[in-house]
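Let me begin by presenting the structure, written as structure tokens, before commenting on it.
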Amino acid sequence: MTAFQSVAVIGAGAWGTALATVAARAGRAVTLWARNDEHAARITSSRENPRLPGVRLVPEIVVTSELAVATRADMLLIATPAQHLRGAVNMLAAHLVKPTPIVACAKGIEHGTRKFMTDVIAEAAPHAQPAILSGPSFADDVARGLPTAVTLAAKDEALASNLVQALGSPTFRPYHSTDVRGVEIGGAAKNVLAIAVGIAVGRKLGASAQAALTTRGFAELARFGRALGARSETLTGLSGLGDLILTCSSLQSRNFALGLALGRGEQPPAGKLAEGEFTAPVLIELASSQSIEMPVSEAVAAILSGRSTIDAAISGLLTRPFKAEE
Ligand SMILES: NC(=O)C1=CN([C@@H]2O[C@H](COP(=O)(O)OP(=O)(O)OC[C@H]3O[C@@H](n4cnc5c(N)ncnc54)[C@H](OP(=O)(O)O)[C@@H]3O)[C@@H](O)[C@H]2O)C=CC1
Ligand SMILES: O=C(CO)COP(=O)(O)O
């Protein structure tokens with residue numbers, strides 16, 4: 001029997017809604033918390049979230065805007081955007097009466113503090129047990145029950161394994177890990193790199209360039225990860241290489257789609273969260289503070305901030321000095 005019978009998902013966006021279906025499929029009692037009363041009431045009555053259209057929520061999922069109801073759960077999943085994770089955890093920390101696992105499901109690094117998601121949780125809710133879930137998983141695929149595998153990490157292996165037992169099912173296979181930092185790095189960096197690859201595809205640089213850029217993107221993700229203590233099996237695993245491949249090759253990805261639009265000289269899709277846009281500046285700040293070379297991510301940050309044109313950034317990458325592959 002699993003240690004965690006009930007699950008609350010904080011943040012009723014596309015990913016939070018998909019995760020609520022994951023937990024329900026795994027047999028948990030599920031609460032989905034939306035910050036807005038009307039939004040919660042609308043999902044409750046229609047059994048559909050406009051942020052994840054076409055997906056019917058099973059009747060067992062309780063949708064609420066009352067934090068006191070959600071925080072009664074045995075474990076919490078936080079699925080807000082990365083820059084809002086601290087605000088969400090601050091709110092719920094006051095309601096926690098026992099040490100409760102809080103699983104970060106956002107992919108990013110906090111601006112200003114340059115902190116990764118589990119560090120933000122540990123700071124905002126000192127009695128929580130932070131964990132991170134990440135890997136190749138589009139909300140739409142997951143909610144429809146298409147199969148995937150992800151990584152779920154916590155410092156304590158037994159906790160990570162218990163969380164996996166609580167959420168896993170034949171269509172959603174979490175692998176447990178204790179390499180929290182490695183998992184956080186993969187999820188954050190791959191979004192920035194997907195913007196780069198989207199730009200290359202939008203500029204019609206060809207399938208060979210797409211593969212080359214994805215690979216060199218992985219080289220810098222891994223360089224950054226190793227410098228920050230990530231394990232190599234995590235970097236080449238589901239939350240690293242796995243999610244990078246997905247995001248750099250699929251039009252379903254909002255980060256890839258943002259890059260594609262930029263590369264084509266079009267307006268980026270409106271109202272779509274592309275975390276890489278927010279992660280790029282803080283990722284390169286962190287990298288340069290530790291003298292880690294991340295030329296592809298730097299090019300993305302320069303394009304997004306208007307410091308470079310797309311053509312200048314592409315030419316800058318292609319004319320770097322030749323060097324040994326590592
Ligand atoms: N979509 C996907 O396929 C996947 C997304 N992720 C990650 O999950 C995170 C969320 O993405 P996604 O669900 O797609 O984004 P969405 O834009 O679909 O939804 C974000 C949700 O967060 C809510 N929210 C924003 N700020 C707060 C806050 N302070 N407190 C509570 N709720 C808040 C929003 O509420 P409101 O509706 O009121 O605006 C909205 O419902 C991102 O970090 C993303 O990288 C990870 C894997 C897959
Ligand atoms: O993280 C994701 C898939 O694993 C979702 O990617 P996008 O945020 O780019 O849509």
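Of the N and O atoms on the side chains of Asn49 and Thr17, at least one donor lies less than 3.5 Å from an acceptor on the other residue. No hydrogens or angles considered: nothing links the side chains of Lys155 and Thr178 as a donor-acceptor pair under 3.5 Å. Between the side chains of Ser134 and Glu184, not a single donor N or O lies within less than 3.5 Å of an accepting N or O.
For the pairing with Lys107, the side chain to side chain donor-acceptor pair (under 3.5 Å) check across Asn255, Asp243, Thr247 returns one residue only, Asp243.
With a 4.5 Å cut-off on side-chain heavy atoms, Arg320 and Leu317 count as touching. Side-chain contact between Ile310 and Leu262 is present, with heavy atoms from C-beta onward closer than 4.5 Å. Side-chain contact check for Ser239 versus Thr234: some heavy-atom pair is nearer than 4.5 Å. Here the side chains of Gln83 and Glu110 are in contact, with some heavy-atom distance below 4.5 Å. For the pair Ile185/Leu228, a side-chain contact is recorded, criterion being any heavy-atom separation below 4.5 Å from C-beta on. Taking the side chain as every heavy atom from C-beta outward, Pro174 and Thr151 never approach each other to under 4.5 Å.
Of all non-hydrogen atoms in Asp179 and Arg231, the two that sit nearest each other are OD2-N, 2.7 Å. Heavy-atom minimum distance, Ala131 versus Ile121: O-CD1, 4.5 Å. The heavy-atom pair separating Ala312 from Ser308 by the smallest distance is CB-OG, 3.8 Å. Contact between Gly217 and Leu193 at its shortest, heavy atoms only, is O-CD1, 3.4 Å. Scanning both residues, Ala34 and Ala12, for their nearest heavy atoms gives CB-CB, 3.7 Å. The shortest heavy-atom contact between Ala125 and Ala93 is CB-CB, 4.0 Å.
The main-chain N or O of Asp156 is never found under 3.5 Å from a side-chain atom of Gln129 such that the two would form a donor-acceptor pair. The main-chain N or O of Phe256 is found under 3.5 Å from a side-chain atom of Ser253 such that the two form a donor-acceptor pair. Side chain of Asp74 to main chain of Ser6: a donor-acceptor pair is present (N/O by atom type, distance under 3.5 Å, no hydrogens or angles).
The distance from the CD1 atom of Ile199 to the CG atom of Leu258 is 7.5 Å, given to the nearest 0.5 Å. The CZ atom of Arg254 sits 12.0 Å away from atom CD of Glu277, with the distance rounded to the nearest 0.5 Å. Distance check, rounded to the nearest 0.5 Å: OG1 of Thr100 to CG of Leu92 gives 9.0 Å. With values rounded to the nearest 0.5 angstrom, Leu167 atom CG is found 7.0 Å from Leu163 atom CG. The CG atom of Leu85 sits 6.0 Å away from atom CD1 of Ile78, with the distance rounded to the nearest 0.5 Å.
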Checking Val55 against Arg144 for the side-chain contact (heavy atoms from CB on, under 4.5 Å) test, could you report, in this order, the C-alpha distance in whole Å, the side-chain angles of both residues, the deciding distance, and whether it holds? CA-CA 7 Å; Val55 171; Arg144 287 170 203 281; 4.3 Å; yes
Any chance you could lay out the side-chain contact (heavy atoms from CB on, under 4.5 Å) test for Leu241 and Leu235, step after step, and finish with the verdict? CA-CA 6 Å; Leu241 185 58; Leu235 299 169; over 6 Å; no
Run Met91 and Trp33 through side-chain contact (heavy atoms from CB on, under 4.5 Å) and show every step you take. CA-CA 12 Å; Met91 267 189 318; Trp33 182 84; 3.6 Å; yes
Given side-chain contact (heavy atoms from CB on, under 4.5 Å), test Arg173 with Val164 step by step and report yes or no. CA-CA 8 Å; Arg173 286 182 61 76; Val164 162; over 6 Å; no
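A salt bridge links Glu123 with Arg86: the distance from a Lys NZ or Arg NE/NH1/NH2 to an Asp or Glu carboxylate oxygen falls below 4.0 Å. Remark: Glu285 engages Arg114 in a salt bridge, criterion side-chain N to carboxylate O under 4.0 Å. One finds a salt bridge joining Arg216 and Glu326 here, because a Lys/Arg side-chain nitrogen approaches an Asp/Glu carboxylate oxygen to under 4.0 Å. Checked for salt-bridge contact, Arg307 and Glu298 miss the test: no charged N lies under 4.0 Å from a carboxylate O.
In the displayed structure, His111 atom NE2 is contacted under 6.0 Å by more than 12 heavy atoms of other residues, nucleotides or ligands. Atom CD of Gln252 is surrounded by more than 12 heavy atoms from other residues, nucleotides or ligands within 6.0 Å. Within 6.0 Å of atom CD in Glu233, more than 12 heavy atoms from other residues, nucleotides or ligands are found, so the atom counts as buried in its surroundings. Summarising the local packing, CD of Glu266 is surrounded by more than 12 heavy atoms from other residues, nucleotides or ligands at distances under 6.0 Å.
Under the side-chain hydrogen bond (donor to acceptor under 3.5 Å, both in side chains) criterion, Ser65 pairs with Asp37, sequence neighbours left out.
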For residues 24-31, please give each side-chain donor-acceptor pair under 3.5 Å, one per line with the distance, not counting sequence neighbours.
from, atom 1, to, atom 2, distance (Å)
Arg25, NH1, Val142, O, 3.0
Arg25, NH2, Ala143, O, 2.6
Arg28, NE, Phe4, O, 3.2
Arg28, NE, Gln5, O, 3.4
Arg28, NH1, Ala26, O, 3.0
Arg28, NH1, Ala166, O, 3.0

